[in-house]
Amino acid sequence: MANNIDNVVTQVKYTAKDFASDVDVKWCPGCGDYSILAQAQRSSPEFGELKENIVWVSGIGCSSRFPYYMNTYGFHTIHGRAAAIATGVKLANPKLQVWVATGDGDMLSIGGNHFIHACRKNVNLKIVLFNNKIYGLTKGQYSPTSEKGKVTKSSPYGTVDWPFNPIKIAAGAGATFVARTMDRDPKHLQEMLTRASKHTGLAFIEVLQNCVIFNDGAFSHLTEKDTRPENVIYLEHGKPMIFGANKDKGIMLDGLNPVIININDGVHSINDVWVHDENDTNPTREFILSRFTEVEGLPTPVGVFRKFNKPTYDGDYHHQIEDVIAKKGKGTYEKLMFNANTWEVK
Amino acid sequence: MANNIDNVVTQVKYTAKDFASDVDVKWCPGCGDYSILAQAQRSSPEFGELKENIVWVSGIGCSSRFPYYMNTYGFHTIHGRAAAIATGVKLANPKLQVWVATGDGDMLSIGGNHFIHACRKNVNLKIVLFNNKIYGLTKGQYSPTSEKGKVTKSSPYGTVDWPFNPIKIAAGAGATFVARTMDRDPKHLQEMLTRASKHTGLAFIEVLQNCVIFNDGAFSHLTEKDTRPENVIYLEHGKPMIFGANKDKGIMLDGLNPVIININDGVHSINDVWVHDENDTNPTREFILSRFTEVEGLPTPVGVFRKFNKPTYDGDYHHQIEDVIAKKGKGTYEKLMFNANTWEVK
Amino acid sequence: MAKSIQVIDDVTIRFAGDSGDGMQLTGSQFTDTVAAMGNDLSTLPDFPAEIRAPAGSLAGVSGFQLHFSSSDIQTPGDAPDVLVAMNPAALKVNLKDLRPGATIIVNTGAFDTKNLRLANYNTNPLEDNSLSNYNVIQLDLSKLTLTTLEDLPLSIKEKEKCKNFFALGLLYWMYNRPLDLTMKWLETKFAKKPDIMEANKRVLQAGYNYGDTTEIFTTRFDVKPAQLPKGTYRNVSGNEAIALGFVSASLKSGLNLFLGSYPITPASEILQELSKYKNYGVITFQAEDEIAGIASAIGASFAGNLAITTTSGPGLSLKLEAMGLAVMTELPLVVVDVQRGGPSTGLPTKTEQADLLQAMFGRHGEAPVVILAAQSPADCFYCAYEASKIALEHMVPVVLLSDGYLAFGSEPLNIPKFDELKEINVKFETNPEGFYPYKRDENFVRPWAIPGTPGLEHRIGGLEKKDVYGNISYEPDNHEIMVHNRLNKVLKVADFIPEVEVDGEAEGELVVVTWGSTFGAVKEAIRNVRENGKKVSHVHLRYLNPFPKNFGNVISKFKNILVPELNLGQLSLLMRNQFNCDVIQFNKVKGQPFKVAEIENKINEVLGGTNGK
Amino acid sequence: MAKSIQVIDDVTIRFAGDSGDGMQLTGSQFTDTVAAMGNDLSTLPDFPAEIRAPAGSLAGVSGFQLHFSSSDIQTPGDAPDVLVAMNPAALKVNLKDLRPGATIIVNTGAFDTKNLRLANYNTNPLEDNSLSNYNVIQLDLSKLTLTTLEDLPLSIKEKEKCKNFFALGLLYWMYNRPLDLTMKWLETKFAKKPDIMEANKRVLQAGYNYGDTTEIFTTRFDVKPAQLPKGTYRNVSGNEAIALGFVSASLKSGLNLFLGSYPITPASEILQELSKYKNYGVITFQAEDEIAGIASAIGASFAGNLAITTTSGPGLSLKLEAMGLAVMTELPLVVVDVQRGGPSTGLPTKTEQADLLQAMFGRHGEAPVVILAAQSPADCFYCAYEASKIALEHMVPVVLLSDGYLAFGSEPLNIPKFDELKEINVKFETNPEGFYPYKRDENFVRPWAIPGTPGLEHRIGGLEKKDVYGNISYEPDNHEIMVHNRLNKVLKVADFIPEVEVDGEAEGELVVVTWGSTFGAVKEAIRNVRENGKKVSHVHLRYLNPFPKNFGNVISKFKNILVPELNLGQLSLLMRNQFNCDVIQFNKVKGQPFKVAEIENKINEVLGGTNGK
Ligand SMILES: Cc1ncc(C[n+]2csc(CCOP(=O)(O)OP(=O)(O)O)c2C)c(N)n1
Ligand SMILES: Cc1ncc(C[n+]2csc(CCOP(=O)(O)OP(=O)(O)O)c2C)c(N)n1
Ligand code: SF4
Ligand code: SF4
Ligand SMILES: [Mg+2]
Ligand SMILES: [Mg+2]
């Protein structure tokens, strides 16, 4: 069955412009969505797919306006249902490369069930979650990723909700490619999108995205030049997990506890540092990594947490169809209708 | 705020009979639900609550008929919504002890989103999932916990779905008390129910339940006397994780990998065995335990995987109300209506 | 001993017993045999809502009714002529339905104190004379079965399980039907369990022989083959027929069939049936809920499949928001609603026609869809086919209404030849020149340009869109234009559907208007009252939105319009609204179909002293 | 220079600019001042669907319209007398709405090549004579503002942001309103940012002075206070008023208020408002979706709270299944639907009345509910209160329909005294003696026995239940009884609601029937046509299900019945169905309210040559 790797396009050389539709972009000036769009358009030529075979599906939200701006097939659907609709698209035509653009409200609040079920089934979709930790389009209510205590239009005294950790949910539900990136790191964002496009199975990318209007600066400690090195750790396959302005901090796995060490303190060295293995067969390290953002003091990981291959739902489904056809022969009207206990009236 | 521990009932001495309603029980003869009902009735006197303060909420399914048979308040709602409705009950009256009886279809298929959001918020509910890995009431279609390849009425060629792991989902979403037990182990089932009743926060119990009609024997390797010792490991707090007919097998944590050792082989000893700590502050061990059922060869853990305390949604919500009242004074109609920019017409 | 054979016109038999007694199986075996003999027939099973309530309890009684005839029939019969009661509960539950003087075959072996108590009998009805108006035949089926199987190496329990075949054999004898079809079925079914096969075969034969040899029965009956139109027939339930109709539409249109669904009584069998047709390329996506069911179907429709979703009332309620998206994006989609007793969870295994207005008006905003309703189990085939054709050719969501009565009931389908099926014309747009996603043809139909087509990349969605161009538009006049476009597209379908036919005179005192499954009872009732010299016409509506073009005119020719419905008057409302006509409502909301007699009485009441002439 | 002051009756002003220009704020400041001066008023904001579309674009224009008057008014005005246009896009979008000869105040500072291009102007409208029919006043607001603030230690950007207050000050001068309320507001608002406070205050004053000193303006206008009924007033938007109505009902009934909701335009403000009232014990549960919103409310109702859920069309579609559960379990619940343009996502920020039939028929099965619709922003207060009262006293789900026009529009509410609010009688059952969960009183109302009550432990659910006893029942006759019980309970509400009143003569040529927010435009239109000597009556329906008892009789007295609706004829359908009456539909589906003039024209058209006499 269709597999993106097989479909690599050699004959067409696209540029970013080929992926820009002629629709006026209508996000607020300064919104992080602009960068995500730009990076998607820039990396699309690397997706190895003819643009008529690419479909962007979305729900409702600022982020979900995304498909209008991509010059591919696009479906701006209803709130929360993008994953389910995309599953239908992919199952109906497995040759398509199906992307989902969604928000933290769209995919984790109303759409949470479709999301975890798509992950569970390992449907071959690429889900890009624009996480701004707020409901943008409805003007500023808290979302399931908003931090506890957050004051918003619908929580004037602060929320009493604990937030979801999207990476943990996706991985726990069965996503086979799990990554995080940021609107403000264009190259990294492009890389994550391109890598997701090459993965066969459910690829999930959390993009930390700034909503300038209703949650400005939610990620500035991660995205601003001066604070980024101390607060962000770039996960790179096969490389030790080093961060800090002076590249002197490393993550060591002390039993099951990740701890920060100084590799130049004379006591520890680079050899003590956890070497990231994105192909880890045991998901426990991925789990530990996913929890960095829940633990005070640890840096926020960006990059590919883990990827692995297992049969996809759409792949297996179509294999099963082929198997049954091979066994029973392609169905015909005759076989269908005259198969059971029939009798003649003459 | 209401907290079950505070409400311990000393004046009333209940027996199991007090919790049996006068409604005829209508499950199929031999159904595992009968045992769950019996154990719930037996352990209810230990829940420390007056029976008028106990509410059982359910969705739709064979399992969801449960509330009719308990002589407490009960609400047999609609398919998939039990967790959301129960959240409303608990928030509206936090003095009630609110239980949810549900099935793998009801809570993990259609109700998946309400489930993970209730876990995320740590609503003080006790959710009892009757997992028979099948849709009973609708007569035998596969459920999200059915094993891949399962032949059912709606999958004559076997499913291509990967199953959910309910324990992993619950823990990952934020449940603060996570346990598993079996219909065929009455004492253990009673213990789990009673312990859940004492927990403040979202308590989740997966009960492995046999559907004699549509999925008979799904758990017989765990429940039958002869195979149980080799296939089930009882998690007991502070005790080494030992199992096997001869009690000679133990689980050792080799780095991040649980492995089975023979404690009498001369090489290993009881000291090598992982000692279960249900109060572990790091959830990583819980994660590893939750994966036992996904790993070929490891026994199925039953018992309390982990429990911990963090503020509940309903608790925090009512604290916030109290705080605001303390700060602003209890609202009155005068304050409400004549507070803003008013003017007089004379 | 030779017994006389009396030829009768038709007979209604009901098998009733515990859920575990195999009554559905017994009934369907009898049905298959009767069908093969060339009778017209109609069946209706009646399950409890519980899977298998405690043995012997009233809640656990499961029934199967079969009406077969030497002439054309439309219903499974009002009042059984024969009841097979496997236990006291089955007798208790079913007795009130029998015609006076009916034959009751009881399994006395089950009439012990425990079972009598479970059935709430204070005294044994076999002994207290309460059955004196019936022809009661007492047999200890359990014992007769065990005796027959004495020498077989099976457990008592296994042997006892065969007792339904004793009853079946006896019935075959009584109605002069051959055993061979059931024998063959047993051979295939239990090919791998020869002991069980042998046991059942023996018991079946024993039942037959018992009729032949004992003195209990003096007469046998025969029902001659019906004069049905020529053709190859098969017996279909409504749910089966729907599945077959969709696969046929898929074959005819050349599109893959995609079903997104979530199990729910009484619609689950459509999903189950379709999941067997993998070698027809059929994709059955058992979704996490009803919303994902329809959502995936909308996705599949966008991608170019013949996309459908199937459900019952509670599921339809959940699908309404997504249906609005299909309306807005003008994608082909068929939504099947197998109606059951409501509201809420209601009466899941019972029938009702109370979702019509929901199908019509259940969405926010002005969101019209096409609505069809099937009139009989076999008609479900054609309705599924036509719903697909309309959806595909008009780029519109179509609701197909069935109900629990049709879903489980069965009747013979005269299988059409493939060529006899209407063409389904689907044209995917491929030409980029002048392509606009919302440019309409003369029937208000927009082009279907599916992903994968070079040069036609475009975006659609649920926000209001600019006429012709399809981009987002908040412009006031455009919104009004689009609201009317969507409506006109639906109304235009009236040009493509058949006009209603009047069964009877074209004008007169009374016309009875039906929709959906009430067709059968009304058809039979009208035949009966006509036999009594009354004049009544009948108009049946398969298309409920838009109405067939001549409908208003046709009914305007009658002084009285009687509309029997299994709801509180939903079609009546639509008719009053559209035609400003007086309607006599006749409503029943009991979870049960109309009986022929109920309709007859109502017709007589409306006609008053007159004969409608 | 002394300027003359001309007294006028009423005036309509529209402020328009970029989403970032603070037009909503400017408008609401003007409103508060006008209100405090004792005028009657009505306002309407108009947002783009995008939060903040690119600066200068047509899509980004945000407007706020205010109509104030010395007499009683009902609408925000058909055609503004004054437009404040902060940039070319604002001019472009709004020009077509102005009355001929209207005054336009333009910010010339924004009329540069880029903004002109963004607004699709080929030539500068200020220079090409295209505005010659208007009284155009050109001011470089940006520059005037910067000059005023020259010496303040703020960035240019911060200074420029104050320019809306220059316009506001100027308008205050033009309409002879005092500055002090806005000054006070600035002092509170920017208490912690003294520089910003100072800047805005200065600019406001500068705008005022500019009017006073420059030669541009020769006349000022004054609108005298209106003769409103005595009382204490506050200005309320529909959404605010709904929130206040519910809290009031909570205070009156003594029940805690529980809201389960999910944000959606244009209903989110109700959630947001109520979330402020924690010290009233109000629980606002922001759920994961609309289904959880209503589900949690049903749970809270079961537990004894005054339970409500709020949403708009797409959310209502999602809630229908759960509403069926509330119908079946006969629990009190208020469902607020703030209608917006549909179908599907539709026109989220625009108004429409197209959810009435969904509210009425949207559920599977026969599932009747009570329906109310608010007629004006202030009426939203009373409707929320009454919806609560009906739900609680009749143990029934109630749908309250509002719409985008009411939600964001505002008008003065004459605040009732607490004692003036009708009593709400809630009685929780506590007596185990003779208690049955479905035993009804004479109004078909079942008892409300909440968890925590000793001795009343019982179970309810969505399956059909036995009359009186409430246990599960699949019994055919019982089902029919219960279907009628649920219906009768709703119909019985008609005994408790006021009859409709006729504004005008009780019989005649023409009655206009309205529901919901069309009330205002029709009321004004009728006043106007009457001034022209025509005779027309007006009946407004606040209760749509059941209809007030006298409604059918009242309308039967008129030759023509005109029903204007912002849909394709939904009330018309209900009326035709119930009264078999002829209805003249007048429908508009443009996402916009009726204009008074549209109604006038239609009335005149219907009356033809006659005067309705
Ligand atoms: C059924 C339904 N419910 C609610 C809404 C209103 N709504 C639109 S977008 C949205 C949340 C958007 O949040 P998110 O997905 O985080 O997107 P963002 O705008 O932040 O990018 C909501 C609640 C809707 N359109 N439809
Ligand atoms: C909205 C809705 N969808 C579907 C159904 C049909 N339905 C009833 S129970 C059920 C699944 C039951 O499975 P589970 O929760 O595992 O319960 P079990 O019967 O196995 O105990 C389904 C699909 C329904 N009643 N309502
Ligand atoms: S509201 Fe926030 S997320 Fe939405 S477009 Fe504006 S900045 Fe972006
Ligand atoms: S169908 Fe299965 S789960 Fe349901 S009652 Fe019967 S045995 Fe139990
Ligand atoms: Mg967001
Ligand atoms: Mg189950």
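Only heavy atoms go into these numbers, but all of them, side chains included; no hydrogens, no water, no symmetry mates. Per chain, numbering begins at 1; letters A, B, ... match sequence-line order.
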State whether Lys121(B) and Glu288(D) are salt-bridged, where the test is any N-O pair (Lys NZ or Arg NE/NH1/NH2 against Asp/Glu carboxylate O) under 4.0 Å.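 Yes.
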Between Thr72(B) and Glu457(D), is the side chain to side chain donor-acceptor pair (under 3.5 Å) condition met? List the steps. CA-CA 5 Å; Thr72(B) 63; Glu457(D) 293 83 1; over 6 Å; no
Could you look at [X] and say if it's the side chain, the backbone, both or neither that has a heavy atom under 4.5 Å from chain B?
{"X": "Phe302(D)", "value": "side chain"}
{"X": "Leu251(D)", "value": "side chain"}
{"X": "Asp289(D)", "value": "side chain"}
{"X": "Thr31(D)", "value": "neither"}
{"X": "Gln227(D)", "value": "neither"}
{"X": "Leu331(D)", "value": "side chain"}
{"X": "Pro225(D)", "value": "neither"}
{"X": "Ile450(D)", "value": "backbone"}
{"X": "Ala322(D)", "value": "both"}
{"X": "Asn471(D)", "value": "neither"}
{"X": "Val236(D)", "value": "neither"}
{"X": "Ser301(D)", "value": "neither"}
{"X": "Ala292(D)", "value": "both"}

Of all of Ile472(D), Ile460(D), Asn305(D), which one pairs up most often with chain B through heavy atoms under 4.5 Å apart?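 The candidate making the most pairs under 4.5 Å is Ile460(D).
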Can you tell me how far the CG atom of Leu336(B) sits from the CG atom of Leu244(D), to the nearest 0.5 Å? 5.0 Å
Interatomic distance, CZ@Arg81(B) vs CD1@Ile298(D), rounded to 0.5 Å, equals 11.0 Å
Could I get the full list of salt bridge (charged side-chain N to carboxylate O under 4.0 Å, His left out) partners for Glu330(D), not counting sequence neighbours? Arg440(D), Lys489(D)
Phe418(D) ring center within less than 6.0 Å of Phe338(B) ring center: no
Filter on side-chain hydrogen bond (donor to acceptor under 3.5 Å, both in side chains), then keep only pairs touching residues 241-261 of chain D, sequence neighbours left out; what's left?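 Every pair satisfying side-chain hydrogen bond (donor to acceptor under 3.5 Å, both in side chains) with a residue in residues 241-261 of chain D: Ser261(D)-Thr310(D).
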Any idea which heavy atoms bring Tyr68(B) and Gly461(D) closest together, and the distance?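 Heavy atoms of Tyr68(B) and Gly461(D) come nearest at OH-CA, 4.0 Å.
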